[in-house]
Amino acid sequence: MENFNVEKATRHIIKWIKDWFEENGPTCNAIVGISGGKDSSVVAALCVEALGKERVIGVKMPQGVQKDINASNMLIEHLGIKAIEVNIGAVVDEAKKALAIAGVEMTAQANTNLPARIRMTTLYAVSQSNNGRVANTCNASEDFVGYSTKYGDAAGDFSPLSNYTVREILQIGDHIGIPYELVHKTPIDGLNTNPDGSYVTDEQSLGMTYAEIDDYIEKGVCRPEIKDKLLTMNKRAIAKNKMLKCPHD
C-alpha cells in the first residue's frame with residue numbers, strides 16, 4: 001500500500017483490458033453488472049477507458065425493488081454507456097417455487113446465493129446476445145476471505161481488479177474521476193436485509209472491516225480477536241477458488 005502508485009496501476013489495468021480483448025475478442029463488448037458500488041463502477045469506468053463507451057454495456061439486475069438503484073443510474077449516466085435492466089425478482093421466486101415443489105428445503109445460504117447465480121446467468125445471456133465478454137468485478141480483499149458466490153459474482157471472463165485490495169480500488173476510483181458517492185458508497189451485496197429493512201453491509205456480514213482485511217493482506221497484522229476467523233475464512237476461500245478437480249493422467 002505504501003508503495004502503491006495509483007496512476008501506474010490505472011494505466012496497467014487499462015492496457016491489460018485492451019490486450020485481453022485483442023486476444024479474446026477484438027470486436028467484443030464488455031458486459032458489466034452494475035450494482036452502483038465501487039467495484040462495478042471502477043470496472044465499468046476502466047473498460048470505457050480501454051475500449052470506448054460504445055463497447056461497454058451496463059446491466060442492472062434488481063430483485064424486485066432495489067432501494068439504491070439510483071446509484072447504478074448515476075454511474076451509467078456518468079459514463080454514457082448503454083444500459084439494460086433485467087429484473088430478476090420473478091425468476092428468483094419461480095426458481096424457489098420449483099425447488100419447493102421438488103421437495104428441496106432451501107437453506108439460508110442457498111437462498112442467499114441463488115439470486116447471485118441468477119444474476120450471472122443473466123449476464124451471460126446478455127453477453128451471448130450482444131457479442132460480449134462478462135466482467136468479473138471481485139477484488140483481492142473479497143477473494144482473500146471468500147466473500148463471493150461460486151458461479152455467481154465469482155464467475156466471469158476477465159477480472160481487472162482481482163489483484164487489487166479495496167484500499168487500492170478506492171484510490172483508483174478517485175483517480176479516474178468516478179463520483180465520490182459511488183466510490184465510497186457503503187459496500188452491500190443487496191442479498192440480505194436487517195430487521196428494519198435496510199441492507200446488511202458487507203462488513204456486517206464479514207464481522208470485520210475491509211481496512212482490517214487489507215491490513216492483514218498488506219502487513220500481516222490484525223486485531224487478535226479476529227485473526228482466527230480471518231485465517232479460517234482464507235483457508236476456505238483457497239479451497240473455494242480452486243479449479244474443478246478432475247482425474248490426472
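Basis for what follows: all heavy atoms, side chains included, without hydrogens, waters or symmetry-related copies. This chain uses plain numbering: 1 for the first residue, then up along the sequence. Note that the structure is a prediction, hence the values are computed from the model and not measured.
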Practice problem: For K38 and V183, work out which heavy atoms get closest and say how close. | Solution: CB-O, 3.3 Å

Quiz item: Which residues satisfy the salt bridge (Lys or Arg N to Asp or Glu O under 4.0 Å) test with E22, sequence neighbours excluded?
Solution: none

Quiz item: Between the side chain of Q128 and the main-chain N/O of A125, is any donor-acceptor distance below 3.5 Å?
Solution: no

Quiz prompt | I178 side, atom CD1; M74 side, atom CE - distance, nearest 0.5 Å | solution = 12.0 Å

Quiz item: Do the side chains of Y151 and M106 join up, straight or via other hydrophobic residues, at under 4.5 Å, putting them in one cluster?
Solution: no

Practice problem: Say whether, by atom type as modelled, one donor and one acceptor occur between the side chain of R133 and the main chain of C28 under 3.5 angstrom. | Solution: no

Quiz item: Does any donor atom in the side chain of D202 or Y210 lie under 3.5 Å from an acceptor atom in the other side chain?
Solution: yes

Quiz item: Side chains of D39 and N139: donor-acceptor distance under 3.5 Å anywhere?
Solution: yes

Quiz item: Within the distance-only criterion (no hydrogens, no angle test), does the side chain of N234 pair as donor or acceptor with the backbone N or O of L230 below 3.5 angstrom?
Solution: no

Exercise. Could you tell me whether E218 and R167 make a salt bridge, using a distance below 4.0 angstrom between a side-chain N and a carboxylate O?
Key: yes

Practice problem: Can you see which heavy atom on E49 is nearest to which on K18, and at what distance? | Solution: O-CE, 4.2 Å

Exercise. Please determine, by modelled atom types, if D157 and Y124 share a side-chain donor-acceptor pair under 3.5 angstrom.
Key: yes

Quiz item: Take atom CD in E105; do more than 12 heavy atoms of anything else shown fall under 6.0 Å from it?
Solution: no

Practice problem: Decide yes or no on side chain to side chain donor-acceptor pair (under 3.5 Å) for N73 and K60, but give the supporting numbers first. | Solution: CA-CA 9 Å; N73 294 331; K60 297 181 288 181; 2.6 Å; yes

Quiz prompt | Whether S72 side chain and I34 backbone form a donor-acceptor pair below 3.5 Å | solution = yes

Practice problem: Please check if L231 and L206 belong to a single hydrophobic cluster, counting links between Ile, Leu, Val, Met, Phe, Trp and Tyr side chain heavy atoms closer than 4.5 Å. | Solution: yes

Quiz prompt | Pair K15 + D19, salt bridge at N-O below 4.0 Å | solution = yes

Self-check item: Distance (rounded to the nearest 0.5 Å) between N136 CG and S159 OG
Solution: 3.5 Å

Practice problem: Considering non-hydrogen atoms only, spot the tightest contact between I217 and S141 and give its length. | Solution: CD1-CA, 3.9 Å

Quiz item: Which atom pair, heavy atoms only, marks the closest approach of I226 to G207?
Solution: CG2-O, 4.4 Å

Quiz item: Between V32 and F21, is there a shared hydrophobic cluster once you connect ILVMFWY residues whose side-chain heavy atoms come closer than 4.5 Å?
Solution: yes

Quiz item: Can you list the steps and then say if L46 with L161 is a side-chain contact (heavy atoms from CB on, under 4.5 Å)?
Solution: CA-CA 10 Å; L46 291 169; L161 300 183; 4.0 Å; yes

Self-check item: Note, C47 side chain near F158 side chain (heavy atom, < 4.5 Å)
Solution: yes

Quiz item: Can I13 and I172 be said to form a side-chain contact (heavy atoms from CB on, under 4.5 Å), step by step?
Solution: CA-CA 10 Å; I13 300 170; I172 294 170; 3.8 Å; yes

Quiz item: Does K53 NZ have over 12 foreign heavy atoms under 6.0 Å away?
Solution: no

Quiz item: Is there side-chain contact between P115 and I88, with at least one heavy-atom pair below 4.5 Å?
Solution: yes

Practice problem: Just do the side chain to side chain donor-acceptor pair (under 3.5 Å) check on S148 and D153 with the steps written out, would you? | Solution: CA-CA 6 Å; S148 61; D153 57 323; 4.9 Å; no

Practice problem: Please check if L51 and V126 belong to a single hydrophobic cluster, counting links between Ile, Leu, Val, Met, Phe, Trp and Tyr side chain heavy atoms closer than 4.5 Å. | Solution: no

Quiz item: Once you round to the nearest 0.5 Å, how far does CZ of R55 lie from CG of N130?
Solution: 13.5 Å

Quiz item: Same hydrophobic cluster for L79 and I57, using side-chain heavy-atom links shorter than 4.5 Å among ILVMFWY?
Solution: no

Quiz item: Does K8 offer a backbone N or O that forms a donor-acceptor pair with the side chain of N5 under 3.5 Å?
Solution: yes

Quiz prompt | Electrostatic pair K185:E181 at N-O distance under 4.0 angstrom | solution = no

Quiz item: Without hydrogens or angle criteria, can the side chains of E85 and N87 be said to hold a donor-acceptor pair below 3.5 Å?
Solution: no

Quiz prompt | CA sep, side-chain torsions, deciding dist, call: M120, V134, side-chain contact (heavy atoms from CB on, under 4.5 Å) | solution = CA-CA 9 Å; M120 188 52 66; V134 175; 4.0 Å; yes

Exercise. May I ask you to test the I14-R11 pair for a side-chain heavy-atom distance under 4.5 Å?
Key: no

Practice problem: Kindly compute the distance separating OG1 (T209) from CZ (R223), expressed to the nearest 0.5 Å. | Solution: 7.0 Å

Quiz item: How many angstroms lie between OG1 in T122 and CZ in R117, if you round to the nearest 0.5 Å?
Solution: 14.0 Å

Quiz prompt | Minimum side-chain heavy-atom gap M208-E203 below 4.5 Å | solution = no

Quiz item: Excluding sequence neighbours, so at least two apart, what forms side chain to side chain contact (heavy atoms under 4.5 Å, CB included) with T27?
Solution: N131

Quiz prompt | ring pair (Phe, Tyr, Trp, His ring centres under 6.0 Å) partners of H78, counting only residues at least two apart | solution = none

Quiz prompt | Taking every non-hydrogen atom, the tightest pair across G37 and S41 | solution = O-OG, 2.6 Å

Quiz item: Passes side-chain contact (heavy atoms from CB on, under 4.5 Å), V166 versus I213? Steps please.
Solution: CA-CA 9 Å; V166 166; I213 296 170; over 6 Å; no

Quiz item: Can you check whether D143 reaches S162 side chain to side chain, under 4.5 Å on heavy atoms?
Solution: yes

Quiz item: Going from OG1 on T165 to OH on Y216, what distance comes out if it is rounded to the nearest 0.5 angstrom?
Solution: 15.5 Å

Quiz item: Would you say the side-chain atoms of S35 and S40 include a donor-acceptor pair closer than 3.5 Å?
Solution: yes

Self-check item: Heavy-atom closest pair, residues V56 and G52
Solution: CG2-O, 3.6 Å

